[in-house]
Trainee: 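Structure incoming, see below.
Chain A is the first sequence line, chain B the second, and so forth, proteins listed ahead of strands; every chain is numbered from 1.
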Amino acid sequence: MTDHSAPDTFAQRVLRWFDQHGRKHLPWQQNQTPYRVWVSEIMLQQTQVATVLDYYERFMARFPDVATLATAAQDEVLHLWTGLGYYSRARNLHRCAQTVVEHHQGQFPVDDVDAMCALPGIGRSTAGAIIALSTGQRATILDGNVKRVLTRYHAIEGWPAQPKIERQLWAKAEAHTPDSRVGDYTQAMMDLGATLCTRRRPTCTCCPLQMDCAAYHQGLVDQLPTPKPKKTIPERSTCMPLVTLPDGHVLLKQRPAEGIWGGLWSLPEFESSAEMHHWLAWKWATAPAQALSRVSHTFTHFKLQIHPWLAPLNVSGQPTTTEGWRWYHPQKPDSIGLAAPVKKLLESLHQPQQLSLTESE
DNA sequence: AAGGCGTGGGC
DNA sequence: TGCCCAAGCCT
């Protein structure tokens, strides 16, 4: 005989809510193979679902399986990542595919959390998500959604990324993870955080955890999770010449493999306009370059003021380039990764009305 | 342990 | 405009 007086567990309430209100039609929820789940989890790191949708479809169409990805050129992988940001994700994704093919017979080691965590770009939470979602084996995640739900449910104060707080959260997350329906539970926790337990204006009235949510009862919902301590970011400035040929090709330079925009193609950079003019005169003997209006680009840890300059070349044919340099035609784009503001600048080249000149630097 | 690492959106 | 954030990982 069933014990009707037994109270629902945390997981049971979350799962019941999921059955009625959870998301079940996202592209990566169909045919949940380790590969498909993995690609989605990497794309979704620090990135919202709405942004990922188009990237995911294009990526899966071009790289339907791990073997195809493993043999691709890095330029092409970065091409399909252009605009998504955090490009180490793409570089690690590519390396990870090669590792899976070479050392795991083309199969993700989903029966071994530690082996999953050892793969490039896969940390503890992503490993848990891939295992739970693609195999249903018991595994725990602790992503931004779960952190938000748990800091509120348990009224845990302190910035969640702080190691001491994160340890507490992992313990809670592990404790709540059920033994069955782990895949649904994992998706449910992310859905709860993404649709109800949101950063601003959470919908507590619809929440299956409201009855014993500590933050709700203590009136702390709006204070949690504790925000990241803010720091002022420095500002940098750079000059970027658009060295163009009469046929529309533009000179690009590849970024170093590591660091900001690692492996992407960008415009040449100079710390000052004097340095840039010197280089232009020495290398290309162009007519005086013309300043375009400044472009401001904010990264996580610094703000960049880009000073683009128009530097047309009067030569026929394409001057030869060396390793790490190439001529690129915005109307016949190659499959290479481009930094977002560079891509926009190149697109503005053939939109004369958007190409604003300026007298000052 | 704290900082590097992108971009677009909401307000 | 500026600020804060959004399914983290790596060193």
Trainee: Please give, in whole Å, the distance from B:dG4 C1' to A:Asn92 CG?
Mentor: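 Taking atom C1' of B:dG4 as the reference, CG of A:Asn92 is at 13 Å.
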Trainee: With a 4.0 Å cut-off on heavy atoms, is A:Gln187 in touch with a base, just the backbone sugar-phosphate, or nothing at all?
Mentor: base
Trainee: By nearest heavy atom, map A:Ser125 and A:Thr198 onto DNA chain C; which one lands nearer the 5' end?
Mentor: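 In this pair, the answer is A:Thr198.
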Trainee: Would you mind checking if A:Glu269 and A:Lys253 are paired as a salt bridge, meaning a charged N to carboxylate O distance below 4.0 Å?
Mentor: no
Trainee: When we call it a touch if two heavy atoms are under 4.0 Å apart, what does A:Trp81 touch: a base, just sugar-phosphate, or nothing?
Mentor: nothing
Trainee: Closest to the A:Arg89 side chain: C:dG2, B:dG6, C:dC5?
Mentor: B:dG6
Trainee: Taking atom types as they are modelled, is there a donor-acceptor pair under 3.5 Å from the base of B:dG6 to the side chain of A:Thr47?
Mentor: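 Checked by distance alone, the answer is yes.
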Trainee: B:dC5, C:dA6, C:dA7: which one has an atom nearest the side-chain heavy atoms of A:Thr300?
Mentor: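 Selected nucleotide: B:dC5.
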Trainee: Spell out yes or no: do the side chain of A:Arg23 and the base of C:dA7 have one donor N/O and one acceptor N/O closer than 3.5 Å?
Mentor: yes
Trainee: Measuring from the side chain of A:Phe302 (C-beta onward, heavy atoms only), which nucleotide among B:dC5, C:dC9, C:dA7 has the closest atom?
Mentor: B:dC5
Trainee: Could you list, one pair per line, each protein nitrogen or oxygen that sits under 3.5 Å from a nitrogen or oxygen of nucleotides 8-11 of chain B, together with the distance?
Mentor:
{"residue": "B:dG8", "atom": "OP2", "partner": "A:Lys344", "partner atom": "NZ", "Å": "3.2"}

Trainee: Where the side chain of A:Pro163 is defined as all heavy atoms beyond and including C-beta, which of B:dG6, C:dA7, B:dA1 is the nearest nucleotide?
Mentor: B:dA1
